[in-house]
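Single-structure report; data block below.
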Amino acid sequence: MALLVVTTVAAQNGKDARIKEIRTAYSKAKNKIEQNGKGGKSPKDMRVVLNHLEDEDIPLYTEMSVDYYFDEFSDDGVSIKQPYFIVENWTCHGHLRYREILLNPKDQKVMFCFIKAETDGGFVVETRYYYDTNEKCIEAKHSTDNNWTSNGSELEAARYYLKIFNMATYNGYFSPLEADSTERSATPKDQRIAQIRSIYAQAKDKIAKNAKAEMPNDLHITIHDLGDDTPPRTTEIKMYFDDACYFISGHTSSMSFDGYSEYLFEGEYLIFSYTRGREEGNEYEWRYYFDEGGYCIETKSNSEDTDDGFYDKRAAKDFQAIFKALTSERQD
């Protein structure tokens, strides 16, 4: 009996110490976020904003933003980003959700999750989950018995958002690139290029209308990074979609570099890409036109360094993977 009491007391003391450790880490993370981008230092954060009309007949409209805060260091010239805090704001048809995820920046294991959800009728639920170093929940606090989450569901949400972060920042993630189709298109090259230019014009028109729409369909990602030994860098990615993603643009800029890219899709297939890079006073452009099988049929560039659009197809595939993850696999 004495041994049981001693063991129980030790376990409680261990839990209390862990919760105190988590609260200290939470306070430090919040202070770090408050100082992010201040004091002459470059901000290190990423924001994902998704606007999505779920159903035109009802309609159900989703607005979501996810903010990531991370540390960054270089390992043998490779940039490593380690998120320590994630914040989600989500709304759909009057329902609201706010989520915080505290991570151990060294191994990205979840330390703490807070979620506040409110229905369109005003019913509010708040939940806090505390985890040990192996992500085992050691404490759960609920504001009501009618709870909609579990410590497992919050771990799944954390892993999902970490996957998005790693995909968007190329933080050790690259989507597989399938081989081009073995069947070549029978469409004459001039006719195919004319088709692509027409589809491009239609896409630009849809984007202009989307910007004015009361319920737009678009996905924006903004990343601020670097800045310690290199100039601060900002990357902006914009994706536009209806039934599928039809256009993606990317812009990366710093004091020493400016790059812009466009990717045009027909269904899921890349049919045109444009890339412009400006560095040290030199500007280069690449345009690649693709047939229905994914083969490059035309290259227009002022640079001798061309690759038949391979790296553009690589980038387009990665962007599409992010889009699919956020619109098809996202946590509801």
Side-chain angles (χ1 to χ4, degrees), residues 22 25-26 28-30 32-33 36 43-52 54 62-72 79-92 95-118 125-131 133-137 140 148-175 218-225 235-239 241 245 318-332:
I22 290 170
Y26 180 91
K28 288 181 178 179
K30 282 287 192 175
K32 199 171 183 178
I33 291 169
N36 183 53
K44 291 180 173 59
D45 55 54
M46 182 176 97
R47 166 165 282 195
V48 176
V49 177
L50 172 65
N51 301 299
H52 188 197
E54 302 274 358
T62 295
E63 296 175 276
M64 182 182 74
S65 68
V66 184
D67 292 297
Y68 299 81
Y69 300 91
F70 58 87
D71 294 320
E72 184 177 22
S79 174
I80 306 296
K81 297 177 175 62
Q82 296 178 318
Y84 59 87
F85 207 84
I86 302 172
V87 179
E88 176 211 49
N89 281 282
W90 174 93
T91 179
C92 181
H95 301 285
L96 307 174
R97 183 173 68 220
Y98 174 79
R99 174 184 276 135
E100 293 181 344
I101 301 170
L102 174 68
L103 302 165
N104 183 330
K106 294 181 180 180
D107 57 16
Q108 275 65 68
K109 287 188 176 180
V110 179
M111 300 177 69
F112 171 75
C113 290
F114 168 73
I115 184 167
K116 179 178 180 180
E118 181 176 352
V125 175
E126 289 189 13
T127 302
R128 292 166 174 82
Y129 296 104
Y130 299 82
Y131 298 88
T133 55
N134 293 316
E135 295 188 326
K136 178 182 177 181
C137 184
W148 303 323
T149 63
S150 69
N151 66 81
S153 69
E154 291 310 287
L155 287 176
E156 288 178 5
R159 293 185 182 113
Y160 168 78
Y161 284 128
L162 278 172
K163 174 185 175 182
I164 299 298
F165 177 85
N166 290 330
M167 293 169 73
T169 61
Y170 294 102
N171 203 37
Y173 179 92
F174 294 92
S175 58
D218 50 41
L219 170 59
H220 297 181
I221 300 175
T222 304
I223 306 169
H224 299 110
D225 60 358
T235 300
E236 294 179 286
I237 303 164
K238 299 179 181 180
M239 307 185 189
F241 57 93
C245 182
D318 288 330
F319 288 145
Q320 276 194 324
I322 297 170
F323 166 76
K324 290 177 181 178
L326 280 164
T327 57
S328 300
E329 304 169 15
R330 66 184 182 281
Q331 305 294 309
D332 292 324

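None of the values given here were measured: they were computed from a predicted structure.
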Identify the two heavy atoms, one from [X] and one from [Y], that lie closest to each other, and give their separation to 0.1 Å.
X      : Y      : result
Cys245 : Met239 : SG-CB, 4.3 Å
Ala168 : Ile223 : O-CD1, 3.7 Å
Ala158 : Ile101 : CA-CD1, 3.7 Å
Leu50  : Leu326 : CD2-O, 3.6 Å

Return the [atom1] to [atom2] distance between [X] and [Y], rounded to the nearest 0.5 Å.
X      : Y      : atom1 : atom2 : answer
Glu154 : Thr149 : CD    : OG1   : 5.0 Å
Met64  : Cys92  : CE    : SG    : 11.5 Å
Ser150 : Glu156 : OG    : CD    : 7.0 Å
Lys238 : Asp218 : NZ    : CG    : 9.0 Å

Next on the checklist: Surrounding NZ of Lys116 (heavy atoms of other residues, nucleotides or ligands, distance under 6.0 Å), is the total greater than 12?
Outcome noted: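 No, the 6.0 Å shell around NZ holds no more than 12 heavy atoms from other groups.
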Item to check | Other residues, nucleotides, ligands: >12 heavy atoms within 6.0 Å of Lys28 NZ | outcome: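 No, NZ of Lys28 has 12 or fewer neighbouring heavy atoms, counting only those of other groups under 6.0 Å.
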Close side-chain approach of [X] to [Y], heavy-atom, < 4.5 Å:
X      : Y      : answer
Ile164 : Tyr68  : yes
Leu103 : Phe85  : no
Asn151 : Tyr130 : no
Tyr129 : Leu155 : no
Lys44  : His224 : no
Tyr131 : Lys136 : no
Val66  : Ile86  : yes
Asp45  : Asn36  : yes

Distance-only donor-acceptor hits, side chain of residues 105-115, under 3.5 Å, sequence neighbours excluded:
{"from": "Asp107", "atom 1": "OD1", "to": "Lys109", "atom 2": "N", "distance (Å)": "3.0"}
{"from": "Gln108", "atom 1": "NE2", "to": "Pro83", "atom 2": "O", "distance (Å)": "3.3"}
{"from": "Gln108", "atom 1": "NE2", "to": "Pro105", "atom 2": "O", "distance (Å)": "3.0"}

Answer yes or no: is there an ion pair linking [X] with [Y], defined by an N-O contact shorter than 4.0 Å?
X      : Y      : answer
Glu100 : Lys30  : yes
Arg97  : Glu118 : no
Arg47  : Asp67  : yes

Item to check | For Glu72, salt bridge (charged side-chain N to carboxylate O under 4.0 Å, His left out) partners two or more places apart | outcome: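 Salt bridge (charged side-chain N to carboxylate O under 4.0 Å, His left out) list for Glu72, sorted by chain: Lys81.
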Next on the checklist: Working note: Glu126 + Arg128, criterion salt bridge (charged side-chain N to carboxylate O under 4.0 Å, His left out); need CA distance, chi angles, decisive distance, verdict.
Outcome noted: CA-CA 7 Å; Glu126 289 189 13; Arg128 292 166 174 82; 3.6 Å; yes
Checklist entry - Does NZ or CZ of Lys32 lie under 6.0 Å from the centre of the six-membered ring of Tyr84, at an angle within 45° of the ring axis? => result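 Yes - Lys32 lies over the ring of Tyr84, closer than 6.0 Å to its centre and within 45° of its axis.
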Checklist entry - Under 30°, 30 to 60°, or over 60°: which ring-plane class applies to Phe241 and Phe323, parallel, tilted or perpendicular? => result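 Because their plane-to-plane angle lies in the 30° to 60° range, the rings of Phe241 and Phe323 count as tilted.
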Checklist entry - Between Ile322 and Ile221, does a side-chain contact (heavy atoms from CB on, under 4.5 Å) hold up when you go through it step by step? => result CA-CA 10 Å; Ile322 297 170; Ile221 300 175; 3.8 Å; yes
Checklist entry - Without hydrogens or angle criteria, can the side chains of Tyr161 and Glu88 be said to hold a donor-acceptor pair below 3.5 Å? => result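 A donor-acceptor contact under 3.5 Å links the two side chains.
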Checklist entry - Quick one: side-chain hydrogen bond (donor to acceptor under 3.5 Å, both in side chains) partners of Glu135, sequence neighbours excluded? => result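 Here the qualifying residues are Arg159.
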Item to check | Derivation and outcome, side-chain contact (heavy atoms from CB on, under 4.5 Å), residues Phe165 and Met46 | outcome: CA-CA 8 Å; Phe165 177 85; Met46 182 176 97; 3.9 Å; yes
Next on the checklist: Is there a side-chain contact (heavy atoms from CB on, under 4.5 Å) between Asn51 and Thr62? Walk through the geometry before answering.
Outcome noted: CA-CA 6 Å; Asn51 301 299; Thr62 295; over 6 Å; no
